[in-house]
Amino acid sequence: MHNTALITGASSGIGAAIALGLAKQGYHIAVGCHSSSSVERGGRGVAESCRKLGVSAECFVADVSDFSGCAFLVKEVAERFGGIDVLVNCAGVTRDGPIARMSEEYFDEVLNVNLKGAFNTIRHVTPLMMKQRGGAIVNISSVVGLTGNRGQANYAASKAGLIGLTKSVARELGSRGITCNAVAPGYIETAMTDAMPEKAKEAILSTIVLGRPGTPEEVADAVVFLVKNRYVTGQVLVVDGGMAI
Ligand code: NAP
């Protein structure tokens, strides 16, 4: 069985919408889940919804910050589905705080999940894609990776790092038929943004040209485009309602 997409952070929010968006395109879906509780809280439901669309879908548990855990994840998915054609790195965390008081632990945690996590999966998936002579990788960055943001030095650095990773992988693997792009969402309504204080939400809303938050499905549409289009690589597609024009 081929035409398989592995999406990390797929048990909730944007990752869940990407899983469904790719399932609608006929991809079999490996629902990457952080832990067994992520499977219970959302992953299982996402896999069920994908199966209702007529494709195969299963949950796979891995902490993306764990290099050997990602090797095992890729091996398991490839064995189950016969290959991996699409990789979407969507797992991410925030640990916000002012730079003058940010702990080393917060900095390392965010970099390890958001940036090293993407390296870990790409590192293990690319030998497979090279053998297949094709594939599509999409990394979920953020507009703050382009603009920076107060209180998010760790997060913005990780998301900017993802853009450098994306462009380098695109240059390195283009000759093998592998594309690598990033999507940079703005303010999207999910559990991650629900946790923000009301005042901060209002301040952000006032900067959005289209005057409303985005939906996870609108980010998923951008990912589907980058997966299907075979002549776009190394790009950052900003999906932010005009926030960072
Ligand atoms: P979310 O629902 O919190 O999604 C984050 C996902 O990452 C969760 O499923 C989480 O699983 C998973 N995750 C966290 N740590 C992990 C780890 N170590 N290993 C594997 N998976 C891990 O929030 P979201 O808004 O959909 O975010 C998805 C992505 O979009 C993130 O990369 C985020 O930075 C990016 N983004 C979001 C926005 C926005 O406005 N929402 C804007 C720009 C970019 P558990 O919850 O089970 O730990």
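Atoms within each ligand, like the ligands themselves, are counted from 1 in listed order. Position 1 is the first residue of the sequence; numbering continues from there.
Considering CG of D85 and CG of L22, their distance stands at 11.0 Å, rounded to 0.5 Å.
Using a 4.5 Å heavy-atom threshold, the side chains of V183 and V138 count as touching.
Remark: the S65 side chain and the N112 side chain contain no N/O donor-acceptor pair separated by less than 3.5 Å. R230 and T179 are linked by a side-chain donor-acceptor pair at a separation below 3.5 angstrom, with hydrogens and angles left out of the test.
V86 and I84 sit in two unconnected hydrophobic clusters of ILVMFWY residues. Membership requires side-chain heavy atoms under 4.5 Å apart, directly or through other members.
Within 4.0 Å of ligand 1, the residues that place a heavy atom are G9, S11, S12, G13, I14, H34, S38, R41, A62, D63, V64, C90, A91, G92, V93, V113, I140, S141, S142, Y155, K159, P185, G186, Y187, I188, T190, M192, T193, listed by chain and number.
In this structure, H124 and F67 have tilted ring planes: the angle between them lies in the 30° to 60° band.
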